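We count ligands from 1, going down the list as the structure has it; atoms in each ligand are counted the same way. In what follows, every heavy atom counts, from backbone to side chain, and hydrogens, waters and symmetry copies are set aside. Worth saying up front: this structure is predicted, and the values here are computed from it rather than measured.
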Amino acid sequence: MPQQRRDGSNATRRDDKTTAIQVVREKPILREIVQAWSRQGLRIGVVPTMGALHRGHLALLDRARMTCDRVVVSIFVNPTQFGPNEDFAAYPRDEAGDLDKLRDGGTDLVWMPGVDAMYPPGYVTEVSVKDLGDGLCGEFRPGHFAGVATVVTKLLLQTGADQAFFGEKDYQQLQVIRRVALDLDIATEIIAVETVREADGLALSSRNAYLSTRERDIAARLPSVLREIAETATGQSVVLASMLLAAKAKLLAAGFDSIDYLHVCDATTLRPVETVTGPARVLVAARLGKTRLIDNMPVIPQSGGTPGLA
Ligand code: PAF
């Protein structure tokens, strides 16, 4: 059972372990703790999450521990980044399981605000990122990146983090957040962490839990098709348009229901390119039953060619 401390935070304890994890739900308490850390000259890292933690999140945490003295993991299923017909209500939530996973991973504080703490009554301010947030997933999920940019801006300000850690699996999100930090003079360093994959290549995602056994088998085709493109897309002579058409046909033949997009893009601006002559990324979103899967990979430069790794 969570125990109420005198400062209002909760120390969740398990009888079989001595390890305590500090769970904070109120902004003034969070502020007091992180300001005290800053006064002591400690380097603060934040790992923003929506919970339903998996090994991908734990890799972010491991990376944060390498360069930060104190690590805050935030768990907040952010309503503003879900569209009206999306899976906000169904999004997997497992507070006890998440805290168990964090307990031995070196988390100093879990920031778990309620919706009212995050969005005070009457809130009207939004961070929107033109262009970068409009294409790819932005086209199919209108308002999604404004929701992400707003909540991440708030999390960076709330935690006063020196570094924040995001997975490359959500590559467009990563680029949007980098842009926000640059444009709004937020001093937090944004650190990208490589995608963690299952043995068959499927990128870890909380939404993989929606897949049936049959769908899970089909899903493994997504990274293998991406890899083929990543390995062969570089060069003036490559006709990307026909390569991408053939790849879409392969995914549909494998059992995907539809493909929202499959593009090779400039690795920074995320504008689709016709030929790969510099750092580029292949990005996909495809639907399988009720699950929408996204993934991406850096386009591999040909030996002796222009580096294509982002
Ligand atoms: O990647 C996620 O889990 C979310 O989009 C984030 C960054 C925690 C913002 O809600």
| field | Geometric class of the Tyr261/His263 ring pair [parallel <30°, tilted 30-60°, perpendicular >60°] | value | parallel
| field | Per-atom contacts, ligand 1 versus Pro48 - under 4.0 Å to a heavy atom | value | 8 (C)
| query | Does the side chain of Asp260 come within less than 4.5 Å of Arg287's, by heavy atoms? | reply | yes
| task | Please work out whether the ring planes of Tyr119 and Phe76 are parallel, tilted or perpendicular, with thresholds of 30° and 60°. | result | tilted
| Heavy atoms only: which of Met50, His57, Gln81 is nearest to atom 9 (C) of ligand 1? | Gln81
| remark: atom 1 (O) of ligand 1 has as its nearest protein heavy atom Gln173 NE2, 2.9 Å
| message | I want to check something: taking the side chain as every heavy atom from C-beta on, are Lys250 and Glu228 in contact at a cut-off of under 4.5 Å? | response | yes
| Is it true that Glu26 and Arg31 have a side-chain N and a carboxylate O under 4.0 angstrom from each other? | no
| task | Within a distance under 4.0 Å of any heavy atom of Val151, pick out the atoms of ligand 1 and give their elements. | result | 9 (C), 10 (O)
| For ligand 1, which part of Thr49 has a heavy atom less than 4.0 Å away: the side chain, the backbone, both, or neither? | backbone
